[in-house]
K.L.:
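Here it is, the structure in full.
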Amino acid sequence: MSGRLFVVSGPSGVGKGTLIARARAEVPRLELATSATTRPMRPSEQQGREYHFLSPEEFQRRLQGGEFLEHVEFAGHRYGTLRSEVERRLADGSNVILEIDVPGAREIERQLPDSVLVFIAPPDVGDLEQRLIGRGTNSPQDIATRLRIARSELEAGTDFRYVIVNDDVERAASQLTELIRAALDEETR
Ligand code: 5GP
């Protein structure tokens, strides 16, 4: 038996993490893959929990060893999905969820066309800016870079099969949960 891969994408600060946490609380056997990154750890984060934090050399070594399903450079740092976080779980019948940027989502779709891609959109770019500022974890320069990337991601996101607008977290979380449930039901039919 093989599990289903869900890819949740959308601009930085849109609330992907919160919506995924809500969906995971509702849907059994939905496991979040921990990505690897070279970006510095934030004070609230822990090694191996939010990310596998790697040095640039270690990231490159693993890349050359074929350990990534996809990898990108985002706002000056590298991020990638480790095969070890995804492949065995899917083979064992668990469902896996990835929280990644738009180019990464496209690459996953190319490699694993059965994946379910979901784009989370903000109500508008001003809302995204307020969230990034409110989060208090990014420097003004980093926020400016993330907003610039967000504008192009928003254009690309309209092509996704599923788009959820995160204007109300309760409603958006139940939409994501229902979408996942429907995809899993379809599977067992
Ligand atoms: P942050 O620095 O805020 O944790 O993440 C920055 C962006 O990188 C977010 O949009 C996040 O979803 C994305 N991201 C995190 N991990 C991965 C990954 O493994 N692959 C790709 N392509 N993007 C990732």
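Note that ligands are numbered from 1 as they come in the structure, with each ligand's atoms numbered from 1 the same way.
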K.L.:
For S115 and E109, run side-chain hydrogen bond (donor to acceptor under 3.5 Å, both in side chains): C-alpha distance rounded to whole Å, both residues' side-chain angles, the deciding distance at 0.1 Å, then the answer.
P.N.:
CA-CA 6 Å; S115 323; E109 185 181 39; over 6 Å; no

K.L.:
Can you tell if the side chain of V102 reaches within under 4.5 Å of the side chain of I149, non-hydrogen atoms only?
P.N.:
no

K.L.:
What part of R39, side chain from CB on, backbone N/CA/C/O, both or neither, has a heavy atom under 4.0 Å from ligand 1?
P.N.:
side chain

K.L.:
Return yes when R135 approaches ligand 1 closer than 4.0 angstrom through a heavy atom, no otherwise.
P.N.:
yes

K.L.:
Just to check, does R78 reach to within less than 4.0 Å of ligand 1 when the distance is taken from its heavy atoms?
P.N.:
no

K.L.:
Tell me which protein heavy atom sits closest to atom 16 (N) of ligand 1, plus the residue, atom name and distance to 0.1 Å.
P.N.:
S35 OG, 3.2 Å

K.L.:
From the options T34, V7, V8, I100, select the one whose nearest heavy atom is closest to atom 24 (C) of ligand 1.
P.N.:
I100

K.L.:
Could you list the atoms of ligand 1 found under 4.0 angstrom from a heavy atom of R42?
P.N.:
1 (P), 2 (O), 3 (O)

K.L.:
Considering only protein heavy atoms, which is closest to atom 4 (O) of ligand 1, and at what distance to one decimal place?
P.N.:
Y51 OH, 2.5 Å

K.L.:
Ignoring hydrogens, just give me the one of K16, E99, R106 whose non-hydrogen atom is nearest atom 9 (C) of ligand 1.
P.N.:
K16

K.L.:
Between R39 and E45, does any NZ, NE, NH1 or NH2 come within less than 4.0 Å of an OD or OE carboxylate oxygen?
P.N.:
yes

K.L.:
Taking only non-hydrogen atoms of R146, do any sit less than 4.0 angstrom from ligand 1?
P.N.:
yes

K.L.:
Can you find an N or O of G80 that's nearer than 3.5 Å to an N or O of ligand 1?
P.N.:
yes

K.L.:
Do E26 and R22 meet the salt-bridge criterion of a basic N to acidic O distance under 4.0 Å?
P.N.:
no

K.L.:
Q141: which residues meet the side chain to side chain contact (heavy atoms under 4.5 Å, CB included) condition with it, sequence neighbours left out?
P.N.:
S139

K.L.:
Heavy-atom distances under 4.0 Å decide this one: backbone, side chain, both or neither, for E70 against ligand 1?
P.N.:
side chain

K.L.:
Could you walk me through whether H71 and E107 pass the side-chain hydrogen bond (donor to acceptor under 3.5 Å, both in side chains) test, one step at a time?
P.N.:
CA-CA 9 Å; H71 65 98; E107 178 57 25; over 6 Å; no

K.L.:
So which of I149, D142, D101 gets nearest to atom 22 (N) of ligand 1, if we judge by its closest heavy atom?
P.N.:
D101

K.L.:
Please tabulate, for the side chains in residues 12-19, all donor-acceptor contacts under 3.5 angstrom to protein atoms that are two or more places apart in sequence or on a different chain.
P.N.:
residue: S12; atom: OG; partner: R146; partner atom: NH1; Å: 2.7
residue: K16; atom: NZ; partner: G10; partner atom: O; Å: 2.8
residue: K16; atom: NZ; partner: P11; partner atom: O; Å: 3.3

K.L.:
Is D185 salt-bridged to R181, cutoff N-O under 4.0 Å?
P.N.:
no

